[in-house]
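Proteins get letters first, then strands, A, B, ... in listed order; numbering begins at 1 in each.
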Amino acid sequence: MFIAVREEVAAAIEDALDALDLPTDDLGIEEPPEDVDAVLASSVAFRLAGEVGAPPPKVAADIADEIDPDTYEYVGAVTTQGPYVNFLPSEAYFDATLSAAQDEEYGHLPDRDESVVVEHTSANPTGPVHVGRARNPIVGDAVANVLDFAGYDVERHYYVNDAGRQMAVFTWAYETFDEADLDSEPERDRIEYDLVRYYRKGNAFLEDGPDEEVEAAEAEIQGIMQGLEAGDRDTFERVSEVVDQVLSGMQECLARLPAEFDEFVKESQFMFDGSTDDLVDRLKELDEAVYEEDAWQLDLGEYGIDKQMVFLRSDGTSLYTTRDLAHHEWKFENYDRAVTVLGEDHKLQADQLQQALSLLGNDVDQLENVIFSWVNLPGGLGMSTRAGTGVDLDDLLDEATDRARDEVEERMEERIRDDDLTEEDIERIAHQVGIGAVRYDIVSKQPTKAITFEWDQALDFEAQSAPYVQYVHARCCGILDEVDSVPEAVDAGVLEREESRDLLRVIARFPGVIDEAAADLEPHTVATYTREFAETFNAFYRECQVLSAEDKAVRDARVALVAAARHTMANALSTLGVAAPRSM
RNA sequence: GGGCCCGUAGCUCAGUGGACAGAGUGCUUGGUUCCGGACCAAGAUGUCGCGGGUUCAAAUCCCGUCGGGUCCGCCA
């Protein structure tokens with residue numbers, strides 16, 4: 001209902017300003033502080049005071065006088081508080097919210113008939129996913145979820161870099177070395193942990209090996225790259241053997257989050273179908289194209305990008321960026337919008353890509369990036385697959401689940417609720433809480449800020465954490481388990497207690513939160529919302545008995561309110577990719 | 001050195017033109033005959049990195065500066 005009342009408020013202010021013959025370019029609509037009783041407010045009187053020649057409070061009063069709340073469904077009253085015009089919700093606002101939130105799908109916005117492809121993670125298939133990379137699937141999945149909730153037709157893509165130099169090195173190393181050459185056992189019994197050893201071995205050899213042998217290896221690697229460029233099927237098969245195996249392992253790891261994809265798009269596909277060659281030809285025709293030191297480049301200096309973008313190597317092979325251009329034109333053909341979630345280290349490359357796409361005649365407004373900053377280890381240490389430094393995501397998830405299991409077992413004794421948990425329940429809760437805590441810790445922060453990864457902090461199960469908000473959901477379920485059915489068509493008017501009203505107000509805001517999070521591609525605002533929601537719910541829970549409420553009408557209304565709260569919390573958590581436990 | 005991002009309570013973070021700058025954590029104290037105590041209540045905490053500027057109004061916008069991150073490969 002928040003979105004509806006927001007529209008009504010905008011219309012009301014606009015009409016009032018029109019009637020007063022004042023400009024309507026900025027309505028100054030904002031959400032008032034907590035202690036103000038309004039759902040929305042306007043600070044427009046500040047701006048118009050000079051024009052009108054009256055003090056802001058007077059202007060605010062004039063605007064308020066001009067608005068008749070009876071003409072609006074969800075605006076109950078218009079008041080002023082100094083220079084602010086406040087809009088109070090009507091009884092219909094509460095009724096409509098309570099009713100709308102009975103739907104399990106509450107918070108889903110109407111279908112927009114617009115497709116969006118969200119590309120995220122796209123980590124090179126070189127080895128195990130480490131925590132430094134984990135921010136990408138967690139944020140990316142949440143961005144996709146939020147867009148999905150907001151009514152877009154969402155596809156999740158993982159772009160597989162299967163044609164670059166790194167994969168040529170990996171393929172060479174995989175074919176050249178034997179188990180006996182490797183000096184360590186796999187850290188885990190899964191394929192990418194096995195194969196990454198070859199990749200590390202190969203890189204170490206290229207760095208420190210005897211000059212002659214390194215030269216021979218380079219020739220071999222060069223041969224693989226040329227083969228791919230020429231569209232040679234055999235070469236492709238050789239590389240694929242490595243890529244597909246490593247990727248399948250990484251996929252298993254990501255599925256634990258879970259982060260699932262609709263499609264794994266291989267960059268080699270844009271070499272085989274000729275679109276990269278075609279793109280190179282078109283790039284050469286651009287005024288910005290220059291041929292320097294035997295390589296074709298794009299001079300983007302006049303667009304504020306100092307670094308020239310090489311798109312064809314002197315040996316005639318294409319680069320990652322070249323293929324990515326073809327990839328993006330393919331996205332534009334198939335989707336209305338394209339969102340890419342990528343690390344800040346790819347920022348320059350993304351800017352170059354966008355500029356080049358624009359020069360090629362694409363509408364780059366349909367392309368948006370979500371940039372996230374690094375996850376560092378304490379002491380400022382980075383994480384690298386090639387060097388083998390960093391915490392594996394698998395280890396983090398294992399540790400999180402283990403700690404959560406300990407926690408559940410520890411709490412068993414002092415547990416008030418007498419619903420004997422089975423071994424299966426304990427395992428489920430450990431999983432939901434442990435993984436949820438990791439995701440929530442990462443998704444709840446602004447992606448642009450760097451994170452220092454610390455075990456204790458990431459796995460703190462109290463306070464502003466996943467378990468804290470998950471607990472609210474479990475409490476809702478606990479209450480609803482005790483009732484035969486949720487009453488239909490209840491009257492929100494009997495919810496007189498302030499705490500129940502406050503809860504209904506917070507529930508009402510949820511679709512608006514989704515709407516804004518989708519518009520700004522900022523899922524962390526949903527996490528902030530779940531915290532506020534939990535606080536409001538807990539206050540309600542403390543003050544308002546549900547099952548033993550004073551009379552049937554109140555009990556019915558409160559049961560419906562709890563059902564509404566449950567749907568809201570379940571869906572908010574779902575957009576964050578955090579499980580909503582029915583008990584914990 | 002240049003571009004971009006970040007700097008808010010001891011710590012981890014919300015807030016990015018508008019009502020007195022907010023949570024959690026940590027510290028102190030209290031609360032389960034009552035729907036789930038992974039909860040709640042009460043108490044102290046700030047040069048919003050620093051200096052200018054714009055504005056009726058700045059943590060928020062602009063300029064400068066300091067500190068941290070990141071990029072500046074014919075890697076991805």
Touch class at under 4.0 angstrom, heavy-atom based, for [X] against every strand present:
X        : answer
A:Cys544 : base
A:Ile429 : base
A:Ala49  : nothing
A:Arg555 : nothing
A:Met584 : base
A:Val562 : nothing
A:Val546 : base
A:Thr448 : sugar-phosphate
A:Phe311 : nothing
A:His524 : sugar-phosphate
A:Val472 : nothing

What is the distance, rounded to the nearest whole Å, between atom [atom1] of [X] and atom [atom2] of [N]?
X        : N     : atom1 : atom2 : result
A:Met309 : B:G73 : CE    : C1'   : 14 Å
A:Asp406 : B:A38 : CG    : C1'   : 14 Å
A:Leu342 : B:U70 : CG    : C1'   : 13 Å
A:Gln545 : B:U32 : CD    : C1'   : 12 Å
A:Phe537 : B:G36 : CZ    : C1'   : 10 Å
A:Arg135 : B:C6  : CZ    : C1'   : 11 Å
A:Lys307 : B:C72 : NZ    : P     : 9 Å
A:Glu532 : B:A14 : CD    : C1'   : 9 Å

Syn or anti conformation of B:U32, syn meaning chi within 90° of 0: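 In terms of base orientation relative to the sugar, B:U32 is syn.
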Under 4.0 Å between a Lys/Arg side-chain N and an Asp/Glu carboxylate O for [X] and [Y]?
X        : Y        : result
A:Glu399 : A:Arg403 : yes
A:Glu31  : A:Arg6   : no
A:Arg509 : A:Glu532 : yes

Counting heavy atoms from C-beta on, name the nucleotide in [options] closest to the side chain of [X].
X        : options             : value
A:Leu348 : B:A76, B:A38, B:C71 : B:C71
A:Tyr468 : B:A38, B:G36, B:C40 : B:C40
A:Leu319 : B:U70, B:A38, B:C74 : B:C74
A:Lys445 : B:C13, B:A76, B:C74 : B:C13
A:Arg475 : B:C39, B:C71, B:A76 : B:C39
A:Ser583 : B:C74, B:G36, B:A14 : B:G36
A:Arg165 : B:C75, B:C72, B:A38 : B:C75

Applying side chain to side chain contact (heavy atoms under 4.5 Å, CB included), run through A:Gln166 and A:Asn161 and close with a yes or a no. CA-CA 9 Å; A:Gln166 286 188 355; A:Asn161 308 149; over 6 Å; no
According to the Watson-Crick and G-U wobble definitions, with both distances under 3.5 Å, which nucleotide is paired to B:U28?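 Check on B:U28: paired to B:A42, both distances under 3.5 Å.
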With both distances under 3.5 Å as the test, what is the Watson-Crick or G-U wobble partner of B:G2?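 Across any shown strand, B:G2 pairs with B:C71.
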Please figure out whether A:Asp315 or A:Ala539 has its closest RNA chain B nucleotide nearer the 5' end.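 Closer to the 5' end of RNA chain B: A:Ala539.
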Considering heavy-atom distances to RNA chain B, does A:Glu407 or A:Asp294 have its closest nucleotide positioned more toward the 5' end?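 In this pair, the answer is A:Glu407.
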Any donor-acceptor pair under 3.5 Å linking the side-chain atoms of [Y] with those of [X]?
X        : Y        : result
A:Glu229 : A:Ser318 : yes
A:Asp502 : A:Thr536 : no
A:Tyr440 : A:Thr530 : yes
A:Ser548 : A:Gln545 : yes
A:Glu344 : A:Ser373 : yes

Under 3.5 Å donor-acceptor pairs involving side-chain atoms of residues 33-61 of chain A, not counting sequence neighbours:
from	atom 1	to	atom 2	distance (Å)
A:Asp37	OD1	A:Arg505	NH2	3.4
A:Ser42	OG	A:Leu27	O	2.7
A:Ser42	OG	A:Val44	N	3.1
A:Ser43	OG	A:Glu30	OE1	3.2
A:Lys58	NZ	A:Asp62	OD1	3.0
A:Lys58	NZ	A:Asp62	OD2	2.9

Using the 3.5 Å cut-off, write out each protein N or O paired with an N or O of nucleotides 58-69 of chain B and the distance between them.
from	atom 1	to	atom 2	distance (Å)
B:G69	N2	A:Glu344	OE1	3.3

Side-chain N or O of [X] less than 4.0 angstrom from OP1 or OP2 on [N]?
X        : N     : answer
A:Arg542 : B:C40 : no
A:Asn161 : B:A76 : no
A:Tyr320 : B:A76 : no

Mind checking whether A:His327 and A:Tyr159 have ring centres under 6.0 Å apart?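 Here the rings of A:Tyr159 and A:His327 have centres that are less than 6.0 Å from each other.
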So if I define the base as every atom that isn't primed, P, OP1 or OP2, how would nucleotides 16-24 of chain B read as a B/S/- string at a heavy-atom cutoff under 4.0 Å? --BBB--BS
Between A:Phe533 and A:Tyr529, what is the ring plane arrangement, given parallel below 30°, perpendicular above 60°, and tilted in between?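 Judged by the thresholds at 30° and 60°, the geometry between A:Phe533 and A:Tyr529 is tilted.
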